[in-house]
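Below: one structure, written as structure tokens.
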Amino acid sequence: MTAQGPPGTVAAGPPGSAKEPRRAVPQAGAPPGLSGAVGRITGSGIRAVANAAWRVPGAIRLELGEPDFATPPHIVEAAYTATRGGATRYAPTAGIPELREALAAKVGTVNGVAAAPEEVFVSCGAVEGLYAVYRALLDEGDEILVPDPGWPNFTNLAHLAGARPVGYRLLPSDGYLPDLERLDRSVTARTRAVLVNSPANPLGTVWPGTTLAAVAEWAARHGIWVIADECYDQLWLDEPSRSMAALAPDAPVVSVFSFSKTYAMTGWRVGYVVAGRPLAERIARVQETAVSCVSTPAQHAALAALRGPQEPVEEMRAAYRARRDLALAVAQEVGLPALRPEGAFYLWLDVGGRPSAELAMDLLRTRGVAVAPGAAFGPGGEGAVRLSLAAAPEAIEEGLRRLAAHLSS
């Protein structure tokens, strides 16, 4: 990966210059104050449905984005063997050397990104990797552009960093792809980064290479970073997805990946970040401060995932593709307008402008089907719901039929 310095065409404002009210001086005897940044984190609309669904016996669970496959046995065995062999101590902050070497080779072969092992950092899942990148790039009051609809944590991580998330709307009329003129209107003197997610959650869209390259070039012109969340990089359903860092090697791109989705390793909590210097040095500082290191046995499991047979990945991808095709056929049969997913394992459905959170709860209460409300993914998601295809085919089909019946009642 080509090493880049941080974009410098926009001068950073002084710390604390954001237009936010100052915290009041506590009065004698008053309770201590709480973090305003944490107070701005919104509760997950997905989790609200999930928490309710756990109390509904026999509910069809299509709200959570978690593979329903077991972690491949050779990966589990590698963790067991490593643990029995004494791999239970602290690991290097950035990851065990052999895993970083294997990851550098993987992103070169699979993603087309030239990276040295020193530019790869093992994280506690992709979300902690994103957090480390946010903290390395953003100061209080800075702004980051995030997709709308988009995964809620893109916004909440910005709040946690004291930054301001600014949504850029992805419209059906544009094929849910970004419009550079709208992006232009979102940029201010405090904009530091733009978040790109392809294959995308919740939409299942895969941005064409021309779009990825255009956004990277746009960001370079504006002197802002691109944070590329590519946690579904190997879960493409039609054509292999492209990596932004490969398409625009001279642009200021930092890439975040995960083992969770590709290898059905959600509970192992292993992700990784690819970044050029000097950003890599700052990510290392965040990692050391926040997590010390990632679980050592889990890193050995991740190494086995990379070095072992890849047939399980192909089998899971084929299963998601078959489920996608089934879901689209059923949706068409019952009259549900659906966006054809090209990657990840989600189905985005138009529910005719109905308030999605209310609809999701009513659907669970009356029909026993749990789906994610579109509003959980930002204002641009209202009037839609997301179904997870990481479920049994019969559950997907029955869930769609019950949803259609509910909407027509």
Side-chain angles (χ1 to χ4, degrees), residues 41-73 76 125 127 149 151-153 156 201-202 204 235 260-261 263-269 315-316 319-339 341 344-352 354-377 381-409:
I41 294 176
T42 58
S44 170
I46 308 167
R47 282 286 170 179
V49 174
N51 291 338
W54 279 315
R55 298 191 294 271
V56 178
I60 296 176
R61 306 294 298 275
L62 303 175
E63 80 282 13
L64 294 179
E66 180 173 34
D68 60 330
F69 297 97
T71 304
V76 177
V127 66
W151 187 47
N153 278 19
N156 285 332
N201 176 13
L235 292 186
S260 292
K261 315 299 185 182
Y263 295 99
M265 293 178 65
T266 52
W268 297 81
R269 308 313 303 135
E315 291 167 2
M316 286 186 275
Y320 294 135
R321 184 182 297 117
R323 295 173 188 182
R324 185 270 310 268
D325 294 344
L326 169 68
L328 288 174
V330 174
Q332 182 177 23
E333 178 190 335
V334 298
L336 291 174
L339 177 65
F345 41 61
Y346 303 111
L347 186 69
W348 189 248
L349 291 167
D350 185 340
V351 291
R354 298 197 186 191
S356 57
E358 178 182 330
L359 170 65
M361 286 301 186
D362 284 347
L363 180 67
L364 176 63
R365 177 174 51 81
T366 62
R367 307 278 180 167
V369 179
V371 299
F377 303 96
E382 188 55 286
V385 295
R386 187 199 74 177
L387 272 68
S388 172
L389 302 179
E394 55 271 21
I396 294 170
E397 179 172 359
E398 181 63 21
L400 284 167
R401 294 189 184 281
R402 293 188 193 182
L403 172 60
H406 186 77
L407 290 172
S408 62
S409 61

For the atom pair CG (Leu389) and CZ (Arg321), what is the distance rounded to the nearest 0.5 Å? 13.0 Å
Quick check: closest heavy atoms across Trp348 and Gly374, and the distance to 0.1 Å? CH2-CA, 3.7 Å
Considering residues at least two apart in sequence or located in another chain, which fulfil the side-chain contact (heavy atoms from CB on, under 4.5 Å) criterion with Glu358? Pro355, Asp362
Distance, nearest 0.5 Å, that separates CG of Asn201 from CG of Leu235: 11.5 Å
So, taking the atom named CG in Asn156 and the one named CH2 in Trp151, what distance separates them when rounded to the nearest 0.5 Å? 9.5 Å
Less than 4.5 Å apart, any side-chain heavy atom of Leu387 and any of Leu349? yes
Does the side chain of Leu62 reach to within under 4.5 Å of the side chain of Leu403, using non-hydrogen atoms? no
Once you round to the nearest 0.5 Å, how far does CZ of Phe345 lie from NZ of Lys261? 4.5 Å
Compare every heavy atom of Leu347 with every heavy atom of Ala327, then report the nearest pair and how far apart it is. CB-CD2, 3.8 Å
Rounded to the nearest 0.5 Å, how far does OH of Tyr320 lie from CG of Asp68? 6.0 Å
Not counting sequence neighbours, which residues clear ring-ring contact (aromatic ring centres under 6.0 Å, His included) with Tyr263? List them please. Phe259
Review item, side-chain donor-acceptor pairs of residues 49-57, under 3.5 Å, at least two apart:
| from | atom 1 | to | atom 2 | distance (Å) |
| --- | --- | --- | --- | --- |
| Asn51 | ND2 | Arg47 | O | 3.2 |
| Arg55 | NH1 | Asn51 | O | 3.2 |

To check you understand the geometry: which heavy-atom pair defines the closest contact between Ala319 and Phe69, and what is its length? CB-CZ, 3.6 Å
Donor-acceptor contact present, side-chain Ser388 to main-chain Leu64, <3.5 Å: yes
Please report the shortest heavy-atom distance between Val351 and Ala384, naming the atom on each side. CG2-N, 3.7 Å
Roughly how far, to the nearest 0.5 Å, is CG of Leu359 from NE2 of His406? 5.0 Å
Is any side-chain heavy atom of Pro341 closer than 4.5 Å to one of Leu328? yes
For Ala331 versus Leu400, what's the shortest heavy-atom pair and its separation? N-CD1, 4.4 Å
Provide the closest heavy-atom pair for Ala375 versus Ser356 in the form atom of the first, atom of the second, distance. N-OG, 3.0 Å
So, the side chain of Arg386 versus the backbone of Glu63: is there a donor-acceptor pair under 3.5 Å, distance only? yes
Just so I know, are the side chains of Leu407 and Leu336 near enough to count as touching, which here means a heavy-atom distance under 4.5 Å? yes
Please check if the side chain of Thr71 supplies one atom and the backbone of Val76 the other of a donor-acceptor pair under 3.5 Å. no
With a 4.5 Å heavy-atom cut-off, do Ser260 and Arg269 have their side chains touching? yes
